[in-house]
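Keep in mind that this is a model prediction, so the values were computed, not measured. What's counted below: heavy atoms across the whole structure, side chains too, no hydrogens, waters or symmetry copies.
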Amino acid sequence: MEYGSQSANLAGERKEISVLFSDIYRYSALTEKLEATEVACLIDDYFAAVGEAVLKYKHNQDKQVESACVGTAAIAVFGAPLPLENHAWCALQTAMEMCHNLSEVNARRYAASHPEIKIGIGINSDKVIGSHVGRTSMMEFTAIGESVNQGQLIERLSLQYGCQIVIGENTYRSCKDRIWVRQLDSLRLQGKSSPVAIYEVLALRSDSISEHKLQAVEYYDKGRERYLKRQFAIAMGEFATVMEIDSSDKAAAIQLERCQHFLQSPPPDDWDGAWTVTDL
């Protein structure tokens, strides 16, 4: 991420960006029985899949996309250090390409009897303070702001809800006409007074989506509608139907558990439908 002294003028600017975080689902459990060479192969396969997708946009958008790796987490910032008008759409397309690349990698891994790699991706779009740190001989761009932290939290939520791609409200608003989504939840995150809506990206509008999946989304939406009206017993029936359609739907399982909780301990009269997250 070196740009030399020409980047000094960019220090401290307020920018609109989209930040993408990706990580391996249950990495410790996945690798605990693998040999060192197998772990190295897994990491190489993972970064090849996600890195190829990010590099595609880095090559096409000169100085408008930055990326880094922290452990097994891959991070990409769209719209930095130079502005990128369609940063949310670029981030979302990158996420879709990551998933496509990974499916091809997993097909090869399956043929070689290697364990499947599952990932979670979180995308958040907002304004940040863009700055460069270090001296002019080694300048590195950094994005600072709550939206970056929230992007990382959304990535963790993607793993918790069992979804590949989860996006925040601003990203959804920028891309809603181009994607199939379902609103997963309304959450109150640590340090935030206002609830945050999160959405699962199912597919691009240009792609087809199965009737099976659409049916599950329809029942999930009905369940959320009943849930927000405090009709928890009826909501449970809708979420149970989702589980009948897809027994692996972790988001529906979370909603079912929450309905059971509120049937036993009803929320206060001023409840706004948001669930407070304390374990991220």
Side-chain angles (χ1 to χ4, degrees), residues 1 18-61 64-78 87-124 140 148 151-167 171 179-180 184 198 200-204 206-210 213 246-251 280:
M1 299 185 185
S18 289
V19 60
L20 179 156
F21 284 83
S22 170
D23 210 345
I24 299 174
Y25 178 60
R26 298 188 66 192
Y27 173 76
S28 297
L30 181 63
T31 59
E32 64 180 353
K33 295 182 180 180
L34 299 181
E35 300 291 338
T37 54
E38 294 175 309
V39 174
C41 179
L42 183 147
I43 295 295
D44 186 60
D45 284 345
Y46 163 66
F47 278 117
V50 301
E52 182 180 332
V54 174
L55 286 174
K56 174 181 176 180
Y57 283 90
K58 287 191 72 170
H59 290 321
N60 293 339
Q61 311 289 348
Q64 294 173 300
V65 180
E66 280 296 335
S67 61
C69 299
V70 180
T72 57
I75 308 163
V77 180
F78 298 81
H87 53 83
W89 180 236
C90 284
L92 207 148
Q93 287 182 294
T94 299
M96 297 298 292
E97 193 151 343
M98 284 178 173
C99 295
H100 173 75
N101 292 348
L102 190 66
S103 66
E104 294 184 343
V105 165
N106 278 326
R108 294 195 296 270
R109 290 181 62 83
Y110 177 81
S113 299
H114 293 156
E116 178 186 15
I117 302 171
K118 294 182 179 180
I119 65 172
I121 299 171
I123 303 174
N124 193 48
E140 183 168 333
V148 177
Q152 186 175 25
L153 289 175
I154 290 174
E155 177 267 314
R156 293 177 186 171
L157 288 167
S158 73
L159 304 178
Q160 182 174 316
Y161 282 75
C163 305
Q164 271 199 311
I165 305 173
V166 175
I167 61 177
T171 310
I179 52 178
W180 295 101
L184 280 175
I198 58 171
E200 179 189 10
V201 178
L202 305 171
L204 300 180
S206 56
D207 298 330
S208 61
I209 185 169
S210 70
K213 188 64 178 177
D246 182 2
S247 60
S248 66
D249 195 313
K250 290 184 67 175
L280 285 177

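Glu97 places none of its side-chain heavy atoms less than 4.5 Å from the side chain of Gln93. Side-chain contact between Asn106 and Lys118 is absent, with no heavy atoms from C-beta onward closer than 4.5 Å.
Annotation: side-chain contact (heavy atoms from CB on, under 4.5 Å) contacts of Leu42 (sequence neighbours excluded): Ile24, Tyr27, Leu30, Thr31, Leu34, Arg109, Ile117.
Atom CZ of Phe47 sits about 8.0 Å away from atom OG of Ser22, to the nearest 0.5 Å. Between the CZ atom of Arg108 and the OG atom of Ser103 there is a distance of 9.5 Å, given to the nearest 0.5 Å. One finds the CG atom of Asp249 at 11.5 Å from the OH atom of Tyr161 (value rounded to the nearest 0.5 Å). Separating the CD1 atom in Ile165 from the CG atom in Leu92 is a distance of 6.0 Å, to the nearest 0.5 Å. A distance of 9.5 Å separates CG in Asp23 from CZ in Arg156, rounded to the nearest 0.5 Å.
Across every non-hydrogen atom of Asp207 and Trp180, the tightest pair is O-NE1, 3.4 Å. Smallest separation of non-hydrogen atoms from Met98 and Leu20: CE-CD2, 3.6 Å. A pairwise comparison of heavy atoms in Ile119 and Tyr46 identifies CG2-CE1, 3.6 Å as the closest pair. Taking each heavy atom of Ala49 and Asn101 in turn, the nearest pair found is O-ND2, 3.0 Å. Leu159 and Tyr25 get closest at one heavy-atom pair: O-CE1, 3.6 Å. The minimum heavy-atom distance linking Lys250 with Gly162 is given by the pair CD-CA, 3.8 Å.
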Set out, in order, the CA-CA distance, both residues' side-chain angles and the distance that settles side chain to side chain contact (heavy atoms under 4.5 Å, CB included) for Ile167 and Ile179, then state yes or no.
CA-CA 11 Å; Ile167 61 177; Ile179 52 178; 4.0 Å; yes

Side chain to side chain contact (heavy atoms under 4.5 Å, CB included) evaluation trace for Ile154 with Ile123:
CA-CA 7 Å; Ile154 290 174; Ile123 303 174; over 6 Å; no

Test side chain to side chain contact (heavy atoms under 4.5 Å, CB included) applied to Leu102 and Val50, step by step
CA-CA 7 Å; Leu102 190 66; Val50 301; 6.0 Å; no

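Counting non-hydrogen atoms of neighbouring residues, nucleotides and ligands closer than 6.0 angstrom, the CD atom of Glu35 reaches no more than 12 such neighbours. Within a 6.0 Å sphere centred on CD of Glu52, other residues, nucleotides and ligands contribute 12 heavy atoms or fewer.
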